[in-house]
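Worksheet: one structure, shown below.
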Amino acid sequence: MDFRNGIGLRPLGSSAAEFEQDLLSNLYYRRGTTVESASAQDAYESLVLTVRDRLAERRARTTAAHYAANPRWVYYLSAEYLLGRQLEQNILYSGTGEIATAAMKALGVSPEEMDELDIEPGLGNGGLGRLAACLVDAMATLDIPAIGYGIRYDFGIFKQTFVDGAQVEKPDDWTFQGNPWEFPAPDDRQTVFFYGHTTRDEAGRTKWIPGEIVLGEPSHMLVPGYGTETVNIVRLWRARGSESSFDLERFSAGQYAEAVQEAVRAENISKVLYPDDSTELGRELRLKQQYFLVSCSLRDILRRFRLWGGPLTDFPAKSVIQLNDTHPSLAIPELMRLLVDEEGLGWDEAWLLTQRTFAYTCHTLLPEALETWPVALFERLLPRHLEIIYEINQRLLDEVRSRYPGDIDRVRRMSLIQEAPERRVRMAHLAVAGTSAVNGVAELHSQLLAETTLHDFATMWPGKFRNVTNGVSPRRFLRIANPALSELITSALGDSRWAGDLDRLRGLERFADDPAFLRSWRDIKRANKARLGLGDPDALMDVMVKRFHEYKRQQLKLLHVITQYHRIKDNPGGDHVPRTVLFAGKAAPAYHAAKSIIRLINAVAATIEADPAVTPYLKVVFPPNYNVTLGELIIPAADLSEQISLAGKEASGTGNMKLALNGALTIGTLDGANIEIRERVGAENFFLFGLDTPAATELKASGYHPRSYYERDPELRAALDAIMSGAFGGVGKEVAESLLNWDEYLTLADFRAYAECQEAVDRAWQDQTAWTKASLLNTARAGYFSADRTVSDYASTIWHVEPVRVTRD
Ligand SMILES: [N-]=[N+]=N[C@]1([C@H](N)O)O[C@H](CO)[C@@H](O)[C@H](O)[C@H]1O
């Protein structure tokens, strides 16, 4: 395949007529139907192919440019990608908005109808998965040659439904109708080994004799850049049985299940996404998924490297591999295995190449989220990798011993192997040892990583540790999600360059005291609330959207809602600020405490909804199945953004950035990226409350007695007593008891400060001009939280890569 002379194909037309012609030809020749008999699905898929072809054309030119430049590539390894719906984005990025709308009209279908048919690949749990999607979008927008590698799960994050207010999970068969956006590439399949044992040949070289062989088949989706010609890809691997995995003999003998057993076993590896966010489940299949991802991806990366034919010593110069958390950290011993066992390099040389190739992003501080795997499982599943991990550990601890003679406690703390109560491999330690850069995802998080979780490593290798604060795609979360506000911003700034250069939003500051502009700003927010249709658009829309976890403290928000309910009941004619409180988010299926909170929220919502004395002032809504698409509808409608995690627990948060970018004011703690949001939008445009990290640590260390807060705070007592008395449909007692007896995340300790801060919110809301000004300033000063800034930070401080421009012809 000669990349040099591009494609030599007649370029696709950019006129409405040419687009319509291509749409019709896709309908006739690729869908095999006619305009008269076409279904909406036919129209949708033909439209997708017509848009996709225009991006594929740019992809071909991108490939040619990258081949010619022979650059250093960024390979982003992530077990999760929350890409969201593709149609509206790809129409925007291909600049086909007008001609596509005209063609749809001609075909008699509406953009909304087509969007409804557009699937959302739910291949992720929450922030980490969406961050991966925002970053690959920004890499393409900044013309950085990059590939995102992931797993093509057959079933994505479960669909959330409510039965009697309780979360019930339904499987997410996202490709039931097929996925017209992907390009299967079975010819690039890779072979993956599992189980078995190792042997040494006479040259002392190690050979892995596998017990199971699985095939990895890739398909890729296009990742176009915004306002540029670059089109990168995400390549997702699907597990398949080998050609001989179907046992015809058994089938002929009527043993149908046995006949397909091996194939099913193989396919199970990429069957479903593990639905846990910020907690590890430690299932064997999960470790198989992780190794499957890294083995397929590294072989594909080496295959690509060989296309240029440089010596292996050039590998790090041509490839930087970013590990999105520890989920793909097996890539480190896997590259060592490929370099030492298959390529015959010496250990030291291979280790240097490996360290120079990899970088690791840590996304959490929660001990229960830091992955560790039983040594016994490694012995069975990945025997060669355990040997390599032992060797890495040996050499690491030799260095520790030489740097800190006699400090056996440090040796025990830093070892890649946890010895007791069970021998387990510490994946975060492996990730730190095997990389040249380790970063946290917000300043406080990176600081706490170096001061606590990874302190010994930060002391020994200070140069490795840095911060890269998260960011979000301004295209998806403002330009696409909030078209009305985007138009107002474009008209104010004179052009739409802000979408590719978000610091330009600063230009909005000059409208902060412009009554007419503020009115337009406020009207758009109101219209977005009306569009959402979940409450009175004139009420304050108070939004808490994120995965359910006790450290995020949805329970604190709920205690305050119950307090508001009591205040309204106690003073029905009072001057209460009407509020719609919107909760949304999923809980991991096995996370019972989080599911109890969900059930109690729905019970409280039902109680309030049934009380006419309260409904004029307070409404609680909980739309099910929160995902990227629902986020794009809710975020533009938010007035108040709830970021109330216990300080020191939320690594960064990214919903906080999306909400501030859309003009919501944040009520929050000094946690994660809240701190940087407050610094940039101005403390006066942020509602701060609660313990900071040192105070929280101090309170816990000095002995925290949640019940004492209950006893001395009448409103808090009333709220907890109401729950325990069964006032809300008799549910939630376990939530109240856990808070009174345990309250790991200091919910009761922060309650009063939170309630007082919410009173400040009510007072501020009553001055709509001042509120709208603060809302505008949040947007104007949110430029820093663009994923483009995040990627340029990674590119300049960790990846050391240069953009490669792709020309139009
Ligand atoms: N796993 N994980 N970590 C998280 C999120 N839960 O996905 O990563 C996100 C992306 O870095 C962070 O914003 C968030 O604080 C953190 O908890």
Side-chain angles (χ1 to χ4, degrees), residues 76-82 122-136 138 157 273-281 286 290 322-329 359-371 427-428 431 438-449 453 467-473 477 544-554 585-588 591 594 626-628 631 641-660 666 668-677 693 745 785 787 790-791 793-794:
Y76 198 81
L77 263 56
S78 178
E80 303 187 17
Y81 287 94
L82 272 175
L123 307 178
N125 279 286
L128 177 145
R130 181 58 227 178
L131 179 79
C134 284
L135 295 186
V136 291
I157 185 71
L273 167 81
Y274 272 86
D276 312 287
D277 187 71
S278 301
T279 47
E280 64 142 345
L281 209 62
R286 170 74 169 174
Q290 295 183 351
Q322 189 70 40
L323 305 176
N324 196 22
D325 215 296
T326 55
H327 311 148
S329 56
Y360 158 53
T361 302
C362 175
H363 292 266
T364 188
L365 284 163
L366 303 180
E368 71 267 27
L370 294 171
E371 293 188 297
M427 303 310 278
V438 176
N439 75 284
V441 289
E443 284 168 12
L444 174 66
H445 176 229
S446 300
Q447 177 202 329
L448 292 174
L449 270 182
T453 318
N467 175 57
V468 181
T469 296
N470 281 345
V472 299
S473 167
F477 292 106
M544 186 161 193
V545 289
K546 52 189 72 234
R547 285 293 297 251
F548 270 75
H549 198 293
E550 289 160 287
Y551 85 79
K552 295 174 184 282
R553 300 202 294 190
Q554 280 92 351
K586 297 171 180 176
Y591 191 177
Y626 184 65
N627 59 15
V628 176
S641 159
E642 297 278 347
Q643 309 299 333
I644 61 175
S645 53
L646 173 61
K649 297 300 177 187
E650 187 72 86
S652 164
T654 45
N656 46 7
M657 299 168 183
K658 296 160 190 169
L659 286 153
T666 304
T669 52
L670 286 175
D671 196 18
N674 295 355
I675 299 169
E676 291 156 78
I677 291 172
T693 306
Y745 299 105
F785 301 104
T790 304
V791 163
D793 283 356
Y794 275 105

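Counting starts at 1 for both ligands and their atoms, in listed order.
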A student checking ligand 1 against A651 at a 4.0 Å heavy-atom cut-off should list atoms 15 (O)
>> With no hydrogens and no angle check, just 3.5 Å: does a side-chain donor-acceptor pair link Q290 and E371?
In response: yes
Open item on the list: Whether the side chain of T469 engages the backbone of T790 through a donor-acceptor N/O pair (distance < 3.5 Å, no angle test) should be reported.
Closed with: no
Query raised in the report: Counting N and O atoms only, with roles assigned by atom type, does the side chain of E650 sit under 3.5 Å from a partner on the main chain of I644, one being a donor and the other an acceptor?
Result: no
Note, E676 side chain near S652 side chain (heavy atom, < 4.5 Å)
no
Below 3.5 Å, N or O to N or O, backbone or side chain included: is there any such pair between G126 and ligand 1?
no
For G440, is there any backbone N or O sitting under 3.5 Å from a side-chain donor or acceptor partner on S446? yes
query: Are any side-chain N or O atoms of E80 and backbone N or O atoms of L128, one a donor and one an acceptor, separated by less than 3.5 Å?
result: no
Task: Contact (N/O only, under 3.5 Å) between N470 and ligand 1 - done: yes
Nearest non-hydrogen contact to atom 11 (O) of ligand 1 from the set H363, R130, H549 belongs to H363
Original post:
Is E650 close to ligand 1, meaning an N/O of one under 3.5 Å from an N/O of the other?
Top reply: yes
Between H549 and A594 (side chain of the first, backbone of the second, donor and acceptor by atom type, cut-off under 3.5 Å), is there such a pair? no
Q) Would you say S652 has any N or O atom under 3.5 Å from an N or O of ligand 1, going by distance alone? A) yes
Among N324, L128, N125, V472, the residue with a heavy atom nearest to atom 1 (N) of ligand 1 is L128
Does at least one non-hydrogen atom of G672 fall below 4.0 angstrom from an atom of ligand 1? no
Y551 heavy atoms within 4.0 Å reach ligand 1 at atoms 17 (O)
Filtering G655, G127, G653 for the heavy atom nearest atom 13 (O) of ligand 1 leaves G653
Closer than 4.0 angstrom: is that true for some heavy atom of D277 and an atom of ligand 1? yes
Requested in this report: Validate the cation-pi geometry between K649 and Y551: distance from NZ or CZ to the six-membered ring centre under 6.0 Å, angle to the ring axis within 45°.
Outcome: no
